[in-house]
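Have a look at the structure below, then the notes.
Any value given below was found using the heavy atoms of this structure, including those in side chains, with hydrogens, waters and symmetry copies removed. Values in this document were obtained by computation on a predicted structure and should not be read as measured data.
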Amino acid sequence: MTDDETSLPPDELGRRLTEVYDLVGPLYRRAQRSVERGLTDGGLSLGVRAVLTLLHRNGPMTVPQMGRAQAISRQFVQRMVNEAADQGLVESIPNPAHRRSSLIRPTEKGTAAIGEVLRREHALLRETGGGLTDAEVTACLRVLGELLEALDHVDDD
């Protein structure tokens, strides 16, 4: 094991992870503005886009499942689902596991809309510089996953 592979002592780890948090906020806000300004052609709000992305990646889900997956309130997710339904992008279907909590799935229009947004995002992100390696991206995902897990105790509602 090299020095770069040695686990950090808790105090140093805390300082370094603060650097990560310091970057995540601006990164998130800039990504939001990017979506708002062009990736959706003004047709999808960020909330509807998040709902469609979840459904695209996971298949039909309930509103509570989407809320937990995104660490946001069920009420907010329900508003976004209602907005998406009003635009003909999602529909409710019976949930064999729970009568009172319908599954939400994308319509053909919703599938096409999120497919186009993801295509545009991919085209934009593939231009990212820095010569990043698979190992670096994997390490980044691991660190962010650990940070998210460390905050599991925070109430989403």
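- Nearest approach of Gly131 to Glu136, heavy atoms of both residues: O-OE1, 3.9 Å.
- A 4.5 Å side-chain heavy-atom check between His122 and Arg119 finds every atom pair outside the cut-off.
- Taking 4.5 Å as the limit, every side-chain heavy atom of Gln75 sits out of range of all side-chain heavy atoms of Val63.
- With contacts defined as side-chain heavy-atom distances shorter than 4.5 Å, the pair His153/Leu151 qualifies.
- With sequence neighbours left out, the side chain to side chain contact (heavy atoms under 4.5 Å, CB included) criterion links Ala139 to no other residue.
- With sequence neighbours excluded, the residues satisfying side-chain hydrogen bond (donor to acceptor under 3.5 Å, both in side chains) with Gln78 are Asn82.
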TODO: Report the C-alpha separation of Met61 and Leu55 in whole Å, then their side-chain angles, then the decisive distance to 0.1 Å, and conclude whether the side-chain contact (heavy atoms from CB on, under 4.5 Å) test is met.
DONE: CA-CA 7 Å; Met61 298 175 76; Leu55 299 175; 4.0 Å; yes

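- Shown here are the side chain to side chain contact (heavy atoms under 4.5 Å, CB included) partners of Thr18, two or more places apart in sequence or in another chain: Asp22.
- Looking at heavy atoms from C-beta onward, Asp152 lies in side-chain contact with Glu149 at the 4.5 angstrom threshold.
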### Test log, rule side-chain contact (heavy atoms from CB on, under 4.5 Å), inputs Gln70 and Val51
CA-CA 9 Å; Gln70 288 294 307; Val51 164; over 6 Å; no

Contacts under 3.5 angstrom, residues 88-96 side chains, donor-acceptor by atom type, not counting sequence neighbours:
residue: Glu91; atom: OE2; partner: Arg105; partner atom: NE; Å: 2.7
residue: Glu91; atom: OE2; partner: Arg105; partner atom: NH2; Å: 3.0
residue: Asn95; atom: OD1; partner: Ala97; partner atom: N; Å: 2.9
residue: Asn95; atom: ND2; partner: Ser101; partner atom: O; Å: 2.9

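- Nearest heavy atom pair, residue Glu83 against residue Ser45, reads OE2-OG, 3.0 Å.
- Grouped with Leu23 in a hydrophobic cluster is no other residue, since no side-chain heavy-atom contact under 4.5 Å to another Ile, Leu, Val, Met, Phe, Trp or Tyr is found.
- Taking all atoms of both residues into account, the shortest heavy-atom contact from Gln87 to Leu44 is OE1-CD2, 4.2 Å.
- Criterion: ILVMFWY side-chain heavy atoms under 4.5 Å apart, direct or through other members. Under it, Val48 and Leu103 are not part of a common hydrophobic cluster.
- Qualifying side chain to side chain contact (heavy atoms under 4.5 Å, CB included) partners for Leu147, counting only residues two or more places apart in sequence or in other chains: Leu17, Val20, Tyr21, Val143, Leu144.
- Legend: residues meeting side chain to side chain contact (heavy atoms under 4.5 Å, CB included) with Arg16, ordered by chain and number and at least two apart, are Leu8, Glu12, Glu19.
- The side-chain hydrogen bond (donor to acceptor under 3.5 Å, both in side chains) check on Ser102 picks up nothing, with sequence neighbours excluded.
- Other members of the cluster containing Tyr28 do not exist, because no ILVMFWY side chain is joined to it at under 4.5 Å.
- The shortest heavy-atom contact between Gly47 and Met80 is CA-SD, 3.4 Å.
- Judged as a salt bridge (Lys or Arg N to Asp or Glu O under 4.0 Å), and not counting sequence neighbours, Arg79 has no contacts.
- Other residues sharing a hydrophobic cluster with Leu132 under the 4.5 Å side-chain heavy-atom criterion for ILVMFWY residues are Val137, Leu141.
- Taken from CG in Leu52 to CD1 in Ile104, the straight-line distance is 11.5 Å, to the nearest 0.5 Å.
- Using a 4.5 Å heavy-atom threshold, the side chains of Arg49 and Ile114 count as touching.
- Arg142 and Thr138 share no donor-acceptor pair across their side chains, judged by distance under 3.5 Å alone.
- Screening residues 56-66 for side chain to side chain donor-acceptor pair (under 3.5 Å) gives Thr62-Gln65 as the qualifying pairs, with residues at least two apart or on separate chains.
- Listed here is the closest heavy atom pair of Leu54 and Ala69: CD2-CB, 3.9 Å.
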